[in-house]
Amino acid sequence: MTVQERPGAAYRPTPPPAWKPRTDPAPLLPDPEPYRVLGTDAAAGADPQLLLRLYAELVRGRRYNAQATALTKQGRLAVYPSSTGQEACEVAAALALEERDWLFPSYRDTLAAVARGLDPVQALTLLRGDWHTGYDPREHRIAPLCTPLATQLPHAVGLAHAARLKGDDVVALAMVGDGGTSEGDFHEALNFAAVWQAPVVFLVQNNGFAISVPLAKQTAAPSLAHKAVGYGMPGRLVDGNDAAAVHEVLTEAVGRARRGGGPTLVEAVTYRIDAHTNADDATRYRGDSEVEAWREHDPIRLLEKELTGRGLLDEDTVKAAGDAAEAMAAKLRERMNADPVLDPMDLFAHVYAEQTGQLREQAAQLRAELDAESGEGAHGAEGDAR
């Protein structure tokens, strides 16, 4: 600020012209209540085929979560962060994107990756501890499942900005939990995205807890969607258990980004029914009554009620969705129960384009130990080639 002094008057600070708002904040503010479709008049305009597809994906996703959780108890998975209760966000995110777009998931978003077409086993490879990631990100246009909180958000912005500079018609959708909004990467990503008007959509799945920390102890903002106005982008608040509403809001945000309208921050209010992971005891920080209340707002139940009321859901449709989900789970069990064939030397592959001296030294040490155990020199040539 500048300060002007007048004879006989007090100092009066005068802001320079740059203080003036660059944009009207009113259109950027989210609605006071989460947007809903199911159970409202807006549901009449929802595409029946889309609703049925969402339903089938939700049923399959619920079964996928249950099967993956069971695999942790059988020792076939090291850890699994279930998205049970959040399936509407996961499925809607996948279906809102075009094939040419990119998905940037967090560690809990295996279901979104599967709904986008990724092999269910490949989606679990990282959580099994078999490989750095279980798939080729470029082939599927799905970034690696991100375990560090919110670091995938700047990556999404960078890719989206690069695509725009190249003239590619690509949108990036980045998923993050409410806990991730407390990270510096969240701030940096949204700030750059808004300044660059990058074609990226940020989907915050607000499931109430950052492990055991409730939302009220993370932020004093009216909602996480309100944070958008501080960066100069629209904020949308949506019922995260309403699959039709989440799909509509995300589709609009993706379309806006593709047309050059810049980024959008979407907060989907949902709930994590299961524990944070199989290593978490959720009873230490929340009660059964809270969980049961959210079960009444289950995303599958909400969609079933809408479809049944419109005469779109019958016993055959329910059975077909259930059978497809069971077939997927059976195949997943079969493949996950087979011991993978792993080469310990792969620890050093795909880390650097050219290995560092330290890595070459470690690789040689491991190769020598393996050769000593096996009495063979099979690993020598392979390690040298790398």
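None of these values were measured; they are calculated from a predicted model.
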### Query
Side chains of R333 and Q67: is there a donor and an acceptor less than 3.5 Å apart?
yes

### Message
Name the residue from L149, V204, N191, T151 that meets the side chain to side chain contact (heavy atoms under 4.5 Å, CB included) definition with F186.
### Response
V204

### Task
Mark yes or no for whether R256, through its side chain, and P263, through its backbone, hold a donor-acceptor pair below 3.5 Å.
yes

### Query
Is it true that a side-chain atom of R76 and a backbone atom of A338 form a donor plus acceptor pair closer than 3.5 Å?
no

### Task
Report the C-alpha distance between E57 and R60 in whole Å, list the side-chain angles of each, state the deciding distance to 0.1 Å, and finish with yes or no for salt bridge (charged side-chain N to carboxylate O under 4.0 Å, His left out).
CA-CA 5 Å; E57 289 289 349; R60 185 173 76 136; 3.2 Å; yes

### Message
Taking the six-membered ring for Trp, are H161 and F192 closer than 6.0 Å centroid to centroid?
### Response
no

#### Entry: CD/Q74: more than 12 non-hydrogen atoms of other groups inside 6.0 Å
yes

### Message
Would you say CG of D41 has more than 12 non-hydrogen atoms from neighbouring residues, nucleotides or ligands within 6.0 angstrom?
### Response
no

### Query
Side chains of D280 and T277: donor-acceptor distance under 3.5 Å anywhere?
no

### Message
Tell me whether R259 contacts the main-chain N or O of G261 through its side chain, where contact means a donor paired with an acceptor under 3.5 Å.
### Response
no

### Message
Treating Q355 as the side-chain partner and F348 as the backbone partner, does any N or O pair qualify as donor plus acceptor under 3.5 Å?
### Response
yes

### Query
Without hydrogens or angle criteria, can the side chains of D178 and Q205 be said to hold a donor-acceptor pair below 3.5 Å?
no

### Query
Can H297 and Y271 be counted as having a side-chain donor-acceptor contact under 3.5 angstrom?
no

### Message
R141 vs E99, test: salt bridge (charged side-chain N to carboxylate O under 4.0 Å, His left out). Steps then yes/no.
### Response
CA-CA 8 Å; R141 302 241 163 175; E99 184 177 351; over 6 Å; no

### Donor on one side chain, acceptor on other, Y80 and N65, under 3.5 Å
yes

### Query
Please walk me through it: do D119 and K331 pass salt bridge (charged side-chain N to carboxylate O under 4.0 Å, His left out)?
CA-CA 11 Å; D119 183 328; K331 191 172 183 179; over 6 Å; no

### Query
Got a sec, which hydrophobics cluster with V229, joining ILVMFWY side chains under 4.5 Å apart, including via others?
L28, L29

### Message
Can you tell me how far apart CG (N206) and OG1 (T181) are? Round to the nearest 0.5 Å.
### Response
8.0 Å

### Query
Under the criterion salt bridge (charged side-chain N to carboxylate O under 4.0 Å, His left out), which of E248, E33, E252 is the partner of R236?
E252

#### Entry: Other residues, nucleotides, ligands: >12 heavy atoms within 6.0 Å of E290 CD
yes

### Message
Looking only at the side chains, is there a donor atom on one of D130 and T125 sitting less than 3.5 Å from an acceptor on the other?
### Response
no

### Message
If we count only N and O atoms by modelled type, under 3.5 Å, do the side chains of N241 and T270 hold a donor and an acceptor together?
### Response
yes

### Task
Spell out, as yes or no, whether a donor-acceptor pair under 3.5 Å connects the side chain of T72 to the backbone of T69.
yes

### Message
Is there a side-chain contact between D239 and Y35 in this structure, where contact means two heavy atoms from C-beta onward sitting under 4.5 Å apart?
### Response
no

